[in-house]
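This is a predicted model, so every value here is computed, not measured. So that the names make sense, note that chain A is the first sequence line, chain B the second, and so on, each numbered from 1.
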Amino acid sequence: MNLVGLCFAAEVTKTVSLTTGKNLAVLRFEGWGISDPLTDFLTEEFRSTIRELEIFQVQDRGITNEINIFYPRKKDYWACWSQECVLDLGRRLNVNYIIAGNIQKKDGDEFLINGRLFSVDMETMLNEFAMNSSGITDSLLLEMKKMAYNVSGLPIPDTLSVGSDTSQVVTTGDLNRKNSWSKLPPIPSKIKALMMSTVLPGSGQLWAQKKYPGYGFMGTEATLATAALVAYIQYKRSWGDFEDNYDAYQDGSDPHDLISLRPRVIQYAEDTRRYNAFMRNIRSVGASIWIVNMVHAYLAAPNDDFFDGEYFFDLEYRPDVNQFQFKFNF
Amino acid sequence: MFKRFIFLFCFWSFSCQEAEYNLDNPFDPANMDLVPPALFFHPPKINTSLGQVVSVELYGLELDSAAAAHLKVKYDWGRLKYEYITPNEFFTGINNPVEIIIQEEGLLDIYIYYLPDMQSSQNEGGTWSLASIYFTAIAIGESDLEYDPVITILRDSNNDPVLINEFGMGKINID
């Protein structure tokens, strides 16, 4: 009853994000050839995007920037690009992960954005990112956003360039060439993962970087399909033998032949029934796993920041009652 | 890729046909209500016309191994005229069998012997035709074909009788 009540109270249930509990600090990006306010703005945009993706618990800008008291050369993090320096700052900030990066203006309107993700606990660099941007500030915002997806280990949505944030109008050369009438409405990542897994089990999970479940579903369905295929081949063979023997039995007139055909007809008919039943069972199991795979793909896919609507259903964990709850939204 | 998808879809959605059968062939010994081992006429009923030559097989159902047979067959000699007999598979090994026919009015005494070879002195038994009798229809009417259960006997290579539980009947209808 309590659960039912909670389910129907879905509209008023506060969504609790599934965070990993990993603390991340984003150091102010070093700007080369771009203004300090713009560098601050881009860093903060990058920080907030990672925060919205809910993979890391991103430390607030004010706390992160307190490292200035530890580091005498104000705003000069370029010198703190090495692992030792960044890890030292990470320990001081008491975070698990830390990101350092820089934005360099190259020739003309081209910018190069570099970022490094370090694990403070493991004392190692986990990943390094580099992105090119040709355009003005809005393009840089876009690239920072993409980098946030990369850092979070999530696939970059195809529709990121047509986001709902009007401040992020796409101005890159390629995107400008697209006609506005040819743009399709954005497909939320969850729906996209669902569609992919509907067509090919596990593909949605793989797309959402959930490799093990993805390969698991794909492998399970492939195994079942192989078993069903083998059963189908056996069935076809038995069916062919059944037809041959049954036709010979019906047309035959020699008792010697008929008495030997009779048990064969019965045996092959039994074989076809057995293989058919086996295939039906495999189909049932395969279809069930297929459906589970579709639901899992929907749940495993990341939320899109451009998609501000409600999903049809969602699974959330409520720490106050220590329960997972399944929500419907109508 | 598209073809693979179509194949996958068909593979999952098709419905295999269930095997339905009806084993009601009248020539099937299982449908003759005979308790094996048995002797019967095949076909059990023949329709023919006046002047035609018809053949009927003397058939054994699940017989044990045998080396010789004495088959006494009764028929209506007013409607059927005996022509000749040919031995069939049951007593045919590497060598062809030897047959001796004694014909009386309406009675046929058929002696068939398996000719031993280096491998065996009797056949392997089973469901086989022993011999075919050829008659000419000489008068309109119906003639029964019967084995004489007292005289008819099969023997193995030790001259022991071979069990026969039942004798089937035959009928020739002449129009």
> Short question: side chain of B:Tyr21, backbone of A:Glu243 - any donor-acceptor pair under 3.5 Å?
Replying inline: no

> Are there more than 12 heavy atoms of other residues, nucleotides or ligands under 6.0 Å from atom CD of B:Glu124?
Replying inline: no

> Considering all heavy atoms of both residues, which atom of A:Thr272 and which atom of B:Ala19 are nearest to each other, and what is their separation?
Replying inline: OG1-CB, 3.3 Å

> Which region of B:Glu62, side chain (C-beta onward) or backbone (N, CA, C, O), has a non-hydrogen atom less than 4.5 Å from a non-hydrogen atom of chain A, or is it both or neither?
Replying inline: side chain

>> For A:Ile259, is there any backbone N or O sitting under 3.5 Å from a side-chain donor or acceptor partner on B:Asp28?
In response: no

>> At a 4.5 Å cut-off on heavy atoms, which part of A:Ser253 comes close to chain B: side chain, backbone, both, or neither?
In response: both

>> A quick test of your reading: do over 12 heavy atoms of other residues, nucleotides or ligands sit less than 6.0 Å from NZ of B:Lys171?
In response: no

> So how far is it from A:Leu258 CG to B:His42 NE2, rounded to the nearest 0.5 Å?
Replying inline: 8.0 Å

> In terms of side-chain geometry, is the basic nitrogen of A:Arg274 or B:Glu18 positioned less than 4.0 Å from the acidic oxygen of its partner?
Replying inline: no

>> With a 6.0 Å cut-off (strictly less than), is the heavy-atom count around CE of B:Met32, excluding the residue itself, greater than 12?
In response: yes

> Would you say A:Trp207 has more than 12 foreign heavy atoms packed within less than 6.0 Å of its CH2?
Replying inline: yes

> Would you say B:Tyr59's side chain and A:His256's backbone share a donor-acceptor pair under 3.5 angstrom?
Replying inline: yes

> Do the non-hydrogen side-chain atoms of B:Leu23 and A:Tyr249 ever get within less than 4.5 Å of each other?
Replying inline: yes

> Hey, does B:Asn31 have a side-chain heavy atom less than 4.5 Å from the side chain of A:Arg262?
Replying inline: yes

> Quick one: what part of A:Ile266 sits under 4.5 Å from any heavy atom of chain B, side chain, backbone, both or neither?
Replying inline: both

> For A:Trp239 and B:Gln17, which heavy atoms make the closest approach, and how far apart are they?
Replying inline: CZ2-OE1, 3.4 Å

>> I want to check something: taking the side chain as every heavy atom from C-beta on, are A:Pro255 and B:Phe40 in contact at a cut-off of under 4.5 Å?
In response: yes

> Side chain of A:Tyr246, backbone of B:Asn22: donor and acceptor closer than 3.5 Å?
Replying inline: yes

